[in-house]
Amino acid sequence: SGLAWYDVEIIGVEGKGWSDTESYYDRLPARAKGVVREPVWGLSRDAAGICVRFATDAPSICAAWDGGGGLPHMAAPGRSGVDLYVKRDGAWRFLRVGKPDTSRTALKLIGNLSGERREYLMYFGLYNRVTKAEIGLPAGSTLWRAPRPEGRPIVFYGTSITQGGCASRPGTVHTAILGRWLDREVINLGFSGNGRLEPEVARFMGELDPEVYVIDCIPNVDERIGELTVPFVKIIREKRPETAILLVEDVRPADSVANRRMREAWRQLVDEGDENVYLLEGVGMLGDDGEATVDGRHPTDLGFMRMAEWMRRPIGVLLRD
C-alpha cells in the first residue's frame with residue numbers, strides 16, 4: 001500500500017497511570033485483577049482517556065486499531081473509534097474521527113495535508129478494549145514523538161459520565177477537553193456504573209502522584225456518598241497527604257440528600273484538619289435548558305462542554321506545578 005505502519009506502543013501513550021498492566025492499553029495494573037471487583041477490572045480494560053501525541057510531516061495519516069462494544073445509546077465513534085486533533089497556533093483543533101468497523105479497523109483518517117511538520121493528538125475509544133493500534137504514514141514521511149505536557153497529571157475517578165458516556169467522539173468528553181485546555185495529562189478512572197468509592201480502588205489511586213484528584217461518584221452511590229467519601233479520601237491520604245482532592249457534587253438540586261451528605265463529608269474532612277480537600281457545587285453544571293443529556297443523566301457533547309467550562313477554573317487554580 002506504500003505505507004509504513006508504526007505501533008503506537010513504540011511512541012508511548014498518555015493517560016495511563018501504571019506501566020505494569022496486563023495489556024498495554026489497560027487503565028489499572030495487572031495487580032488489580034482479583035483485588036478490585038470483577039466489573040471494575042473489566043471496565044479498566046477499556047481505553048478511556050488514553051491518547052497518543054506525535055508529530056509528522058506526512059501528507060496523509062492512517063490508523064488501525066481493534067475493538068468494539070460499549071453503551072448501546074452512545075455513538076459508535078465515541079465508543080470504539082479514534083479521534084484526531086492537530087495543533088494550530090498553539091491550540092488543539094479537531095481534525096478527523098475514525099469510525100470503527102467490526103473487530104479490526106484500518107482506514108485513512110485524512111489526506112491532502114501540506115507535508116509540514118505538525119503535532120497531532122489521537123484519542124482511543126471510551127468504551128473500547130484495544131490490544132493493538134498503529135499509525136500508518138506514506139513511505140518517506142517521518143514520525144516523531146511530540147513533547148508531553150509539563151506538570152503532574154490530573155486524575156479523574158467516577159462513573160459512566162467520567163468514562164465518557166455518551167460523548168459522540170473520544171475527544172469531546174470533559175476530561176479530554178480539560179486536558180487540552182489546561183495542557184495537562186489526564187488519567188481517566190471512570191468505571192461505568194461502578195464508581196462506588198471502594199477502598200481497593202483508593203489504594204491503587206494512592207500509588208499515583210497527580211497534581212489533583214477529581215472524585216465524581218454521586219450517580220453510582222447516591223445517598224451513600226456521605227458514609228463512603230470520608231474513608232475513601234483517608235485511604236488516599238495515607239500515601240498522598242498533601243495532594244489536592246476536588247469532590248464534585250451532583251447536578252441535582254443543592255438540597256438533595258446526596259448533595260447534603262457530600263457537603264457534610266467534606267466539612268468533616270476539613271474539620272479534622274485536611275487543608276487540601278475542596279468541594280465543587282454541581283447545580284448548574286449542565287445548564288437549565290434540559291438540552292445537555294441523551295437520557296436525563298448522560299451528557300451529550302454540549303453537556304460535556306458545559307462540564308468542562310464549569311470545572312476549568314476550579315481545577316486550574318489547584319494546578320501549582
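Nothing here was measured: the structure is a model prediction, and the numbers come from that model.
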Lys/Arg N to Asp/Glu carboxylate O, D46 vs R79, below 4.0 Å: no

F232 and Y157 aromatic centres sub-6.0 Å: yes

Side-chain ion pair, R263 and E249, N-O less than 4.0 Å: yes

Polar side-chain atom of D7 near backbone of I10 as donor-acceptor pair, under 3.5 Å: no

More than 12 heavy atoms of other groups within 6.0 Å of N112 CG: no

Short side-chain to backbone donor-acceptor contact, W310 and E281, under 3.5 Å: yes

Candidates T56, V52, L109 - the one meeting side-chain contact (heavy atoms from CB on, under 4.5 Å) with Y120: T56

Donor-acceptor contact present, side-chain S80 to main-chain P100, <3.5 Å: no

Salt bridge K234-E272, side-chain N to carboxylate O under 4.0 Å: yes

Lys/Arg N to Asp/Glu carboxylate O, D250 vs R252, below 4.0 Å: yes

Sidechain N-carboxylate O distance under 4.0 Å for R306, D289: yes

Charged tip of R312 within 45° of W181 ring normal and under 6.0 Å: yes

Interatomic spacing from CG in N276 to OH in Y213 - rounded to 0.5 Å: 12.5 Å

Step-by-step side-chain hydrogen bond (donor to acceptor under 3.5 Å, both in side chains) determination, T159 to N220: CA-CA 6 Å; T159 68; N220 283 174; 4.7 Å; no

Under 3.5 Å: donor-acceptor pair, side chain of N194, backbone of S192: yes

Ion pair check, E134 and R104, cut-off under 4.0 Å: yes

Closest heavy-atom pair and its distance - L121, C51: CD1-SG, 3.9 Å

Output field: ring centroids Y25/F124 closer than 6.0 Å: yes

Crowding at CG, D288 (>12 non-hydrogen neighbours, <6.0 Å): no

Stacked cation flag R93 on Y85, 6.0 angstrom / 45 deg: no

R196 side-chain N/O to C217 backbone N/O, donor-acceptor pair under 3.5 Å: no

Cation-pi geometry met for R117 and W144 (6.0 Å, 45°): yes

Test item: R320 side-chain N/O and V317 main-chain N/O as donor-acceptor pair under 3.5 Å: no

Expected output: side-chain N188 to main-chain T162 donor-acceptor under 3.5 Å: yes

By side chain to side chain contact (heavy atoms under 4.5 Å, CB included) - contacts of L228 (at least two apart): L197, V221, R224

Check: R240 side chain, L208 main-chain N or O, donor-acceptor pair, under 3.5 Å: yes

Quiz item: cation-pi between R145 and F54, 6.0 Å / 45°: no

Qualifying residues under ring-ring contact (aromatic ring centres under 6.0 Å, His included), relative to F191, sequence neighbours excluded: none

Sidechain N-carboxylate O distance under 4.0 Å for E22, R45: yes

